[in-house]
Protein chains: 2
Amino acid sequence: MTDTLARDRDTSEISLIQAVESVILEEGFSGIGVNALARRAGVDKVLIYRYFGGLAGLLTAYAEAGDFWWRVDDLLAEPLPDPDRPDALPDCLARVFERHVAFLRSHPVTLEVIAWEMSARNELTAALESVREDRSLAVIRGLALRFDVAESDFQAQVAPLFALLGAAANYLAARGRHLSRFNGLDLQSEAGWTQLCKSAEHMLGAVRLPDPPTAITSTSQDQTP
Amino acid sequence: MTDTLARDRDTSEISLIQAVESVILEEGFSGIGVNALARRAGVDKVLIYRYFGGLAGLLTAYAEAGDFWWRVDDLLAEPLPDPDRPDALPDCLARVFERHVAFLRSHPVTLEVIAWEMSARNELTAALESVREDRSLAVIRGLALRFDVAESDFQAQVAPLFALLGAAANYLAARGRHLSRFNGLDLQSEAGWTQLCKSAEHMLGAVRLPDPPTAITSTSQDQTP
DNA sequence: TTGACTTGTCACCAACTGGTGACTATACAA
DNA sequence: TTGTATAGTCACCAGTTGGTGACAAGTCAA
């Protein structure tokens, strides 16, 4: 509890937590292990057990310190289409999708954890899972509020769309780490992703609001470009 | 080159190749290794080096023996919507997507290799990559032929759609191996996948043929349920 | 000063990994 | 019979993994 002692322990803990990120970035999730982490942190591996109770505890500490997922406010930040405009909903969903993609492509650690989820379940993947579920549903809630429609109907309609497009983005972005081509598209070029976003927007054009009286369900203006 | 000698080598090789599939199914891709494979095959691991030149060679042999991906004919098998019907194209794409999903959900080894692709590149993932690229493009070619449209335009329009929906299916099916919930959906229940296919079909409703004179781009009949 | 506690270092463990060299046993051809 | 090639067994290697016990040095309170 003294100054110097406490400070030393603190720096050791911080070194270890930073080592998690560092190893993930430079070696990928498969490089995570007590030996590698201790080596990278310049610290003895026994401290991982003493201070964090083991690798799982260290990952938990890192998970609590890091932010692996977009914040709801960022995804729903203005400018977004005016809800009263026709086609505001599809446009809005397309913007949200673009922001989701942009986040993934600029967060290599998140991509690494997403890839990790494919093969194992651990404290990091669990943390990502939990926050992702929460915030995805929060985004849907936020959109229902914005468009002033019943949340349950909206959720039932939009959740599977988000699941599909979100899954596609996660998969393609994670794959793009090491491999470029998927179905003829280049996952490492700006053009490839622009193309993907355009196609997503096109498909989202089919989405209409569920029931409110303002929604027009008959003649929808599809201007296929 | 004698009968018995040759036969014995053959059975050893076959045991090893079968061990690859067996280990993947029971332990997942992370269980693949010379020791585990030899143990499972009931054979000494040195034979992996002698007969296949190493683990990579054994994986290659397995890759050549197995079929990890749907065949083009299966994906385009009849019955498919009559090309002259209105909305035949979106319906057709939706059927293809459903078949893609059905294949994945019934082929655990493929899901395992898909998951493997996320973390490493090896002979198995390379084989899957190659055959997947080829056959996906072949399916697009087949559809262009069916709808009698120019292949290049059609390809430019449909390839990114396939990339998005295919990626989503791959991701969700692979994740469904160990985790059930994604964005509120249940990836391990029939209902969850029915929902996903319905949403995909809904989104595909926005797709129209590129140029031929028969295509109607104005009044689209959206009946949102 | 004494004793208790914390921080960190180090040596060590068993288990496993990929990989190799030496060996026996069998079969075949000369 | 002799030589050669193959199939298979086994012991062993070095390196790495996760994990622990013993110990020295420093710090603090009584």
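Labels below follow one simple rule: chain letters A, B, ... track the order of the sequence lines, proteins then strands, and each chain is numbered from 1.
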Legend entry - A:Tyr51 side chain near C:dT6 phosphate (N/O to OP1/OP2, under 4.0 Å): no

Inset, instruction - Report yes if a side-chain nitrogen or oxygen of A:Ser12 is closer than 4.0 Å to either non-bridging phosphate oxygen (OP1 or OP2) of C:dG8; otherwise report no. - result: yes

Inset, instruction - Would you please indicate if the ring centroids of A:Phe97 and A:Phe162 are separated by under 6.0 Å? - result: no

Tabulated below should be each protein N or O lying under 3.5 Å from an N or O of nucleotides 17-20 of chain C; please produce it.
residue	atom	partner	partner atom	Å
C:dT17	OP2	B:Arg39	NH2	3.4
C:dG18	OP2	B:Val34	N	3.4
C:dG18	OP2	B:Asn35	N	3.3
C:dG18	OP2	B:Asn35	ND2	2.7
C:dG18	N7	B:Lys45	NZ	3.3
C:dG19	OP2	B:Tyr49	OH	2.8
C:dG19	O5'	B:Tyr49	OH	3.3
C:dG19	N7	B:Lys45	NZ	3.0
C:dG19	O6	B:Lys45	NZ	2.7

Nearest whole angstrom, please: distance from the [atom2] of [N] to the [atom1] of [X].
X	N	atom1	atom2	value
B:Arg50	D:dT6	CZ	C1'	8 Å
B:Glu13	D:dT6	CD	P	13 Å
A:Leu37	D:dT16	CG	C1'	15 Å
B:Ile48	D:dA7	CD1	P	16 Å
B:Leu47	D:dG8	CG	P	6 Å

Legend entry - A:Tyr62/A:Phe68 under ring-ring contact (aromatic ring centres under 6.0 Å, His included): CA gap, chis, key distance, verdict: CA-CA 11 Å; A:Tyr62 173 62; A:Phe68 310 113; 5.4 Å; yes

Inset, instruction - May I ask you to say whether B:Glu129 pairs ionically with B:Arg121, meaning some side-chain N is under 4.0 Å from a carboxylate O? - result: yes

Legend entry - Electrostatic pair A:Glu201:A:Lys198 at N-O distance under 4.0 angstrom: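 No, this pair does not count.
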
In residues 111-119 of chain A, what donor-acceptor pairs under 3.5 Å come from side-chain atoms, sequence neighbours left out?
residue	atom	partner	partner atom	Å
A:Glu112	OE1	A:Arg177	NH1	2.9
A:Glu112	OE2	A:Arg177	NH1	2.7
A:Glu117	OE1	A:Arg132	NH1	3.3
A:Glu117	OE1	A:Arg132	NH2	3.3
A:Glu117	OE1	B:Arg175	NH1	3.1
A:Glu117	OE2	A:Arg132	NH2	2.8
A:Ser119	OG	A:Trp116	O	3.3

Legend entry - Reported CD-to-CD distance for the pair A:Glu64 and A:Glu123, which is rounded to 0.5 angstrom: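 With rounding to 0.5 Å, CD (A:Glu64) is 10.5 Å from CD (A:Glu123).
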
